[in-house]
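Here the structure is laid out as structure tokens; the discussion comes afterwards.
Within every chain, numbering begins at 1; the chains are lettered A, B, ... in the order of the sequence lines, protein sequences first and strands thereafter.
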2 protein chains.
Amino acid sequence: MDNVQFATATHILTLLAVTEGVVPSAYLAGSININPAMVRKALSTLRTHGLVETKEGKGGGAILAKPADKILLSDVYHAVNSTPLLGKANRPNPDCLVGKQINDHLIELYTQADNALINKLSTITLADFVKKFK
Amino acid sequence: MDNVQFATATHILTLLAVTEGVVPSAYLAGSININPAMVRKALSTLRTHGLVETKEGKGGGAILAKPADKILLSDVYHAVNSTPLLGKANRPNPDCLVGKQINDHLIELYTQADNALINKLSTITLADFVKKFK
DNA sequence: CCATACTGTAACTCTATTTATTACAGTACA
DNA sequence: TGTACTGTAATAAATAGAGTTACAGTATGG
């Protein structure tokens, strides 16, 4: 992953946490300074992971699916990210003793490293994050 | 970051750890299955971080700058990576209360998450990693 | 002192990924 | 029924990363 989706998702959730009622994508897009269609793509991901609910039609928009203190930042991470951050590998030479084994060992390592990061994110709730805004 | 540099660097260091003497970039490139010029770019980075030494001219190549049990995987990470993995952000609207503050809060969060990952990597030496190869 | 075998690095191209944009059908409300 | 939304597909633009080529510079050995 080398994308802005975690930032976008966190921004959306923060706005939803501090705003009453249902919020349209155009409003969220204005704060994040991106296109409303991008916001709706992000909301689609967050919805499938149970973090927001959306409502179609006039007066529609998004709202948190549960209280901000029940949403962990690791939930946000999992919503936008399915592979370890340190996840890229080469296609090494299978005729080399090291080359033929290294990807298995790297995957194991990447998983350990990713879990350390996820564990840290799981100690912070959206509510904790939102508290920083004054 | 979304690149293969950590994998390349770790592969190079593993090969150097299991090989006697100075190893030319063409040999390393053969195991990793990449271009020798890419290997030399990677070696250049590792050299400036004190992890390898290189020798020019005929019979030249690379060698570990210190024993494998003195090289931490976090050293490798630092060599190839200067910004947090979760590091990307938008350019939010400065006229919005959330938008104008969020990047500062995200940077703080990214740093914490990155440190958790680095701490994990700092518990593993190159020697530990190399032991997995049979 | 010259042929050889390397490194170091710049310039460039190619490719993959991510982001942005546009468009429009579908839906809900008043 | 008009209006204000969502959902999503298609596509374009931008960016970053990887790969390639080229060649000057350097060390070694005969």
Side-chain angles (χ1 to χ4, degrees), chain A residues 1-9 11-12 15-16 19 21-30 32-49 51-63 65 80-83 85-93, chain B residues 1-9 11-12 15-16 19 21-49 51-63 65 80-93:
Chain A
M1 156 164 136
D2 188 32
N3 60 37
V4 88
Q5 283 188 64
F6 183 86
T8 303
H11 196 147
I12 288 172
L15 287 167
L16 296 183
T19 312
V22 153
V23 186
S25 65
Y27 176 85
L28 300 170
I32 307 172
N33 193 31
I34 61 176
N35 195 290
M38 298 295 288
V39 171
R40 294 200 289 270
K41 273 189 205 169
L43 285 171
S44 174
T45 301
L46 294 172
R47 186 179 56 244
T48 60
H49 285 81
L51 302 182
V52 303
E53 288 169 4
T54 57
K55 187 162 175 276
E56 291 190 14
K58 188 172 181 178
I63 192 168
V80 298
N81 205 53
S82 53
T83 56
L85 287 177
L86 265 186
K88 285 221 172 175
N90 292 292
R91 291 186 176 77
N93 182 351
Chain B
M1 157 166 133
D2 187 33
N3 61 39
V4 87
Q5 284 187 64
F6 183 86
T8 302
H11 196 147
I12 289 171
L15 288 167
L16 296 182
T19 312
V22 153
V23 185
S25 66
Y27 176 85
L28 300 169
S31 172
I32 307 173
N33 193 29
I34 60 175
N35 195 291
M38 297 294 289
V39 172
R40 295 200 289 271
K41 274 186 205 173
L43 285 171
S44 174
T45 301
L46 293 172
R47 185 179 58 245
T48 61
H49 284 82
L51 302 183
V52 303
E53 287 169 4
T54 58
K55 189 163 175 275
E56 290 190 13
K58 188 173 181 177
I63 192 170
V80 299
N81 204 55
S82 53
T83 56
L85 287 178
L86 265 185
K88 285 220 170 175
N90 292 293
R91 290 186 176 78
N93 183 350

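- One interatomic measurement links the two molecules: NZ of B:Lys41 to P of C:dG8, which rounds to 14 Å at whole-angstrom precision.
- B:Glu56 places its CD atom 5 Å from the C1' atom of C:dT7, with the value rounded to the nearest Å.
- In this structure, NZ of B:Lys88 is placed 14 Å from P of C:dT17, rounded to the nearest angstrom.
- Checking the phosphate oxygens (OP1, OP2) of C:dG8, no side-chain nitrogen or oxygen of B:Arg40 falls inside 4.0 Å.
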Intermediate values then yes/no, side chain to side chain contact (heavy atoms under 4.5 Å, CB included), A:Leu86 and B:Asn81: CA-CA 10 Å; A:Leu86 265 186; B:Asn81 204 55; over 6 Å; no
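- Where A:Asn3 and B:Ser25 meet DNA chain C, the nucleotide closest to each residue was compared, and B:Ser25 sits on the side nearer the 5' end.
- Between the NZ atom of B:Lys41 and the OG1 atom of B:Thr8 there is a distance of 11.5 Å, given to the nearest 0.5 Å.
- Rounded to an integer number of Å, the gap from A:Ile34 CD1 to C:dT19 C1' is 9 Å.
- Residue contacts for A:Asn35: at a heavy-atom cut-off of 4.0 Å it reaches a base atom on one of the strands shown.
- Each of A:Lys55 and B:Gly57 was matched to the nucleotide of DNA chain D holding its nearest heavy atom; the match closer to the 5' end belongs to A:Lys55.
- Taking atom CG of A:Leu43 as the reference point, atom P of D:dG7 lies 7 Å away to the nearest angstrom.
- In this entry the distance linking CD1 of A:Ile63 with P of D:dT6 reads 13 Å, nearest Å.
- In this structure, A:Arg47 reaches the sugar-phosphate backbone alone: every heavy-atom distance under 4.0 Å involves primed, P, OP1 or OP2 atoms, never a base.
- We find that CZ of A:Arg91 is positioned 17 Å from P of D:dG17, with the value rounded to whole Å.
- Heavy atoms of B:Gly60 sit under 4.0 angstrom from primed sugar atoms or phosphate atoms, though from no base atom.
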